Structure formats: C-alpha cells, structure tokens
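What follows is a single structure, written as structure tokens, with notes after it.
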Amino acid sequence: KKLVEIMGGSLWVTSKEGKGSEFCFTIKVKANPNFTSSFLSKTVPEVKNKRVLIVEENELSRHLIEEQCSRWGFKTLKIDDLSEIFDLFNKNEKFDIAILNIKDKETIQICNKIREKYSISTLPILALIPTSFQSFEETKNIFSGYIVKPIKKADFLAALVDLLSKTANKITLKPEFFQFKHNNIYN
C-alpha cells in the first residue's frame with residue numbers, strides 16, 4: 001500500500017461472496033521513450049483467422065487475452081462463464097482452440113464434459129492455471145497444454161502455436177518470425 005501511495009496511485013479491493021477478492025491499483029509512471037515493438041505485437045500469418053474461444057470470468061483478463069489474440073490475427077469469441085460453452089457447441093460453433101481459466105474442480109468437471117464431445121486433437125484446450133494448481137495427473141487427458149499465471153506473451157504465443165501444430169489443420173511458424181531483440185521478448 002505504501003509503495004502505491006509513494007508512486008502517486010491508489011489501491012482498492014472488491015469482493016464477491018463465494019468468488020473471492022480482487023485487489024486493484026493505479027500508479028503514475030512515465031512511458032519508456034525507447035520502447036520498440038517486438039515480434040509479440042505482430043500479426044502471425046500462420047494463425048490468421050484461426051478461431052479461438054476465450055473463457056475467462058475476470059473482465060480485464062478476458063479483454064487482455066482477446067486483445068493479444070486479435071493482434072496476432074486470431075478471430076476471437078470471448079465468454080465469461082464456462083457453462084455457456086455448451087450453448088455455443090449446440091449452435092455448431094467451431095473453434096480451432098479454446099483458452100480456459102481453470103479455477104476449481106467444477107471447471108475441471110466441465111472440461112471433462114467437453115472432452116466427451118471433442119478430442120484433444122479436435123479441440124485443443126489451453127488451460128490458464130494458478131501457481132497453486134495441484135491436479136496435473138487427473139487433467140493430463142483433458143488439457144492439451146497449460147500456462148501458469150501470470151501469463152507472459154512469449155510463453156502464451158509459443159503454447160498456442162505448439163497446440164495448433166498438433167491438430168488436424170497443422171500450422172508451422174517460419175524461423176524468421178522469431179528474429180527479435182532479446183530485451184524486447186516480454187514487451
């Protein structure tokens with residue numbers, strides 16, 4: 001709290017019973033005049049127009065994931081409640097990959113139901129998991145891959161490309177795509 005106040009910002013918390021608490025803050029900082037865009041901000045031709053479903057209940061996280069995927073060229077659809085996914089499937093919506101925030105056992109049970117309809121190669125699921133996640137053994141046949149939060153852009157793109165390369169409509173990135181300056185990898 002002191003650091004936020006020293007930096008001229010503010011700190012607040014919102015709580016939802018049964019959901020948890022969200023701590024937010026603002027601070028005042030100067031923009032980096034030497035910032036240069038990295039390969040992580042470019043369109044990736046190999047994923048252009050691939051359909052990605054984003055399931056994340058946190059509005060800010062959902063927005064940031066959607067914005068980054070769109071920047072890379074994905075066509076995105078985002079929902080905030082995992083139970084809505086079955087309505088989409090019943091409407092015959094097709095996705096190349098799904099990105100799901102995994103928060104509890106109920107989420108894993110819903111993912112099991114998804115696997116009853118779609119195999120790992122038909123609909124890869126990239127799980128976004130907290131550092132406290134302990135259920136790797138029971139989920140190895142559910143998730144195609146996972147990323148521990150907080151998400152780094154380079155890891156996120158690498159996971160998406162890796163999972164898409166294992167599907168029926170395989171993709172492969174050209175080596176020149178990954179030419180970048182080392183200090184910009186996490187911009």
Side-chain angles (χ1 to χ4, degrees), residues 13-16 18-25 38-42 44 46-47 50-89 93-167 171 173 185-187:
V13 63
T14 57
S15 296
K16 292 181 183 174
K19 294 274 187 179
S21 300
E22 184 174 65
F23 294 84
C24 305
F25 68 93
S38 73
F39 77 98
L40 295 170
S41 298
K42 296 178 184 176
V44 181
E46 292 82 359
V47 302
K50 294 283 185 185
R51 294 204 61 209
V52 62
L53 174 63
I54 301 162
V55 185
E56 168 64 70
E57 69 179 24
N58 180 284
E59 185 177 354
L60 178 60
S61 295
R62 190 172 58 248
H63 171 75
L64 292 173
I65 293 167
E66 190 263 343
E67 184 178 278
Q68 186 60 61
C69 287
S70 294
R71 187 173 293 136
W72 287 328
F74 285 99
K75 290 203 178 273
T76 62
L77 179 64
K78 55 187 180 175
I79 57 176
D80 64 356
D81 186 346
L82 188 54
S83 63
E84 295 175 39
I85 202 167
F86 297 105
D87 292 335
L88 294 172
F89 293 156
E93 291 276 355
K94 302 287 186 212
F95 299 96
D96 295 294
I97 193 165
I99 302 168
L100 283 74
N101 179 30
I102 307 303
K103 59 184 191 306
D104 55 25
K105 294 277 187 191
E106 181 183 344
T107 309
I108 294 170
Q109 290 170 346
I110 292 173
C111 289
N112 263 323
K113 289 180 184 175
I114 294 169
R115 281 292 168 242
E116 290 172 10
K117 185 169 176 133
Y118 298 98
S119 70
I120 284 180
S121 64
T122 306
L123 180 65
I125 297 175
L126 177 61
L128 309 179
I129 61 172
T131 55
S132 60
F133 189 75
Q134 299 290 320
S135 304
F136 292 102
E137 190 59 34
E138 73 179 80
T139 60
K140 68 181 180 184
N141 294 320
I142 301 170
F143 306 136
S144 309
Y146 66 89
I147 296 180
V148 177
K149 297 185 282 187
I151 302 168
K152 294 181 177 82
K153 287 183 191 178
D155 296 338
F156 187 37
L157 178 59
L160 291 169
V161 168
D162 179 57
L163 296 180
L164 287 169
S165 71
K166 296 174 183 173
T167 64
I171 65 160
L173 288 181
I185 193 166
Y186 294 110
N187 287 339

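Remember, it's a predicted structure, so these values are computed and weren't measured experimentally.
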Write down the atom of [X], the atom of [Y], and the distance for their closest heavy-atom approach.
| X | Y | result |
| --- | --- | --- |
| I108 | F143 | CG1-CZ, 4.3 Å |
| L123 | A98 | CD1-N, 4.1 Å |
| C111 | I142 | CB-CG2, 3.4 Å |

Measure from the ring center of F89 to the ring center of Y118 and say whether it is less than 6.0 Å.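 Between Y118 and F89, which both carry aromatic rings, the centre distance is below 6.0 Å.
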Report yes if some heavy atom in the side chain of [X] is under 4.5 Å from a heavy atom in the side chain of [Y]; otherwise report no.
| X | Y | value |
| --- | --- | --- |
| I99 | L160 | yes |
| N101 | K149 | yes |
| F133 | T139 | yes |

Strictly distance-based, threshold 3.5 Å: is any side-chain N or O of [X] a donor or acceptor partner for the main-chain N or O of [Y]?
| X | Y | result |
| --- | --- | --- |
| S144 | L126 | no |
| R62 | I79 | no |
| D96 | R51 | yes |
| S165 | D162 | yes |

E59, CD atom: more than 12 neighbouring heavy atoms under 6.0 Å: no
For the CD atom on E106, are there more than 12 heavy atoms of other groups (residues, nucleotides or ligands in this structure) within a distance under 6.0 Å?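 Atom CD in E106 is not crowded, with 12 or fewer foreign heavy atoms closer than 6.0 Å.
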Interatomic distance, [X] atom [atom1] to [Y] atom [atom2] [nearest 0.5 angstrom]:
| X | Y | atom1 | atom2 | answer |
| --- | --- | --- | --- | --- |
| L100 | T107 | CG | OG1 | 8.5 Å |
| F95 | I85 | CZ | CD1 | 7.5 Å |
| I129 | K103 | CD1 | NZ | 15.0 Å |
| D155 | I147 | CG | CD1 | 6.5 Å |
| L82 | E57 | CG | CD | 10.0 Å |
| K75 | C69 | NZ | SG | 13.5 Å |

Quick one, I125 with R115, criterion side-chain contact (heavy atoms from CB on, under 4.5 Å). Give me CA distance, side-chain angles, the key distance, then yes/no. CA-CA 10 Å; I125 297 175; R115 281 292 168 242; 3.3 Å; yes
Can you check side-chain contact (heavy atoms from CB on, under 4.5 Å) on L164 and F74, steps first, answer last? CA-CA 12 Å; L164 287 169; F74 285 99; 3.7 Å; yes
Step-by-step side-chain contact (heavy atoms from CB on, under 4.5 Å) determination, I114 to F86: CA-CA 8 Å; I114 294 169; F86 297 105; 4.0 Å; yes
Report the C-alpha distance between E22 and N58 in whole Å, list the side-chain angles of each, state the deciding distance to 0.1 Å, and finish with yes or no for side-chain contact (heavy atoms from CB on, under 4.5 Å). CA-CA 9 Å; E22 184 174 65; N58 180 284; 2.5 Å; yes
